[in-house]
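Below is one structure, written out as structure tokens, with a few remarks after it.
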Amino acid sequence: MRFNWQQSEKEKFFRKAEKQLQDAGIDFIGVDRTKFSVKGWNDVTHEVEEVCVSLTPYPYRNLSNARKGELIRLGNWVCENPRMRKRTAYAESSVFMHSHLTYRETRGRKPKE
């Protein structure tokens, strides 16, 4: 999809993510407007494969299976650190879940059956 690095272009994806969360009835997590990334940047054609909008960190202690199910049903939700490590021997254990919503261009693709 075509993408330019102007703030208005980023705002379009922020609003899209907020609307998707609002339509799904998810109020316990929000859009983090300070983090934004793209994957598969082509410098010649100024196109990207996918756009990632980060969500606010959410504590694992409050993440029930019902809430995780709500996020999974969004369809484009990706968790960057899927589970909290229980043992204290791991230095990289996180108290918060970090996740993002991904957006890809769908024109010209066949829908999944």
Side-chain angles (χ1 to χ4, degrees):
M1 81 179 77
R2 302 278 298 165
F3 183 78
N4 57 11
W5 286 95
Q6 296 177 350
Q7 188 63 27
S8 61
E9 186 80 15
K10 293 178 187 178
E11 284 293 324
K12 180 177 82 171
F13 285 101
F14 289 143
R15 285 191 306 270
K16 190 176 193 178
E18 287 172 345
K19 183 170 179 0
Q20 184 179 5
L21 290 173
Q22 184 181 16
D23 290 346
I26 298 173
D27 58 352
F28 58 91
I29 196 166
V31 175
D32 187 2
R33 291 180 170 264
T34 61
K35 296 179 184 176
F36 186 84
S37 64
V38 296
K39 293 183 182 176
W41 172 254
N42 187 341
D43 196 26
V44 177
T45 60
H46 299 285
E47 293 183 351
V48 295
E49 290 178 13
E50 72 182 34
V51 175
C52 300
V53 177
S54 295
L55 301 175
T56 55
Y58 190 73
Y60 277 109
R61 186 178 316 245
N62 300 338
L63 186 68
S64 64
N65 285 337
R67 289 189 179 216
K68 187 174 181 183
E70 290 177 24
L71 291 169
I72 289 172
R73 280 190 288 279
L74 288 174
N76 59 343
W77 176 75
V78 177
C79 187
E80 296 166 4
N81 49 350
R83 61 183 87 71
M84 183 174 74
R85 302 269 165 100
K86 300 288 185 192
R87 292 181 267 160
T88 58
Y90 291 102
E92 69 271 4
S93 63
S94 176
V95 176
F96 293 96
M97 172 193 69
H98 300 281
S99 59
H100 62 270
L101 295 173
T102 59
Y103 296 100
R104 296 184 180 114
E105 185 177 30
T106 57
R107 286 184 284 151
R109 293 185 185 175
K110 293 182 180 179
K112 292 182 180 179
E113 294 178 359

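Hydrogens, waters and symmetry mates play no part in the numbers below; they use all other heavy atoms, side chains included.
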Main-chain N/O of G30 paired to T56 side chain as donor or acceptor, under 3.5 Å: yes
Close side-chain approach of K39 and V48, heavy atoms under 4.5 Å: no
Closest non-hydrogen atom pair between F96 and P59, with its separation: CD2-N, 3.5 Å
V51 side chain reached by M1 side chain, heavy atoms, under 4.5 Å: yes
K12/E9 ion pair, N-O < 4.0 Å: yes
Minimum heavy-atom distance C79-S99, with the two atoms named: CA-CB, 3.9 Å
NE2-CG distance between H100 and N76, expressed to the nearest 0.5 angstrom: 9.0 Å
Residue pair L55 / W77, side-chain heavy-atom distance below 4.5 Å: yes
Co-membership, hydrophobic cluster, residues V78 and V31, 4.5 Å side-chain: no
Rounded distance (nearest 0.5 Å) linking atom CZ of R15 with atom CD of E11: 6.0 Å
Nearest atoms (heavy-atom pairs only) where F14 meets K35: CE2-O, 4.0 Å
Between CG on residue N62 and CD1 on residue I29, distance to nearest 0.5 Å: 11.5 Å
Heavy-atom neighbours of N42 CG exceed 12 at 6.0 Å: yes
Heavy-atom check, side chain of R2 versus side chain of H46, under 4.5 Å: yes
Closest approach of A66 to R73 (non-hydrogen atoms, all atoms of both residues): O-NH2, 4.4 Å
R33 side chain reached by E18 side chain, heavy atoms, under 4.5 Å: yes
Test item: M97 and L71 side chains (from C-beta on) under 4.5 Å apart, heavy atoms: yes
Spacing of CZ belonging to F13 relative to OH belonging to Y103, to within rounding of 0.5 Å: 8.5 Å
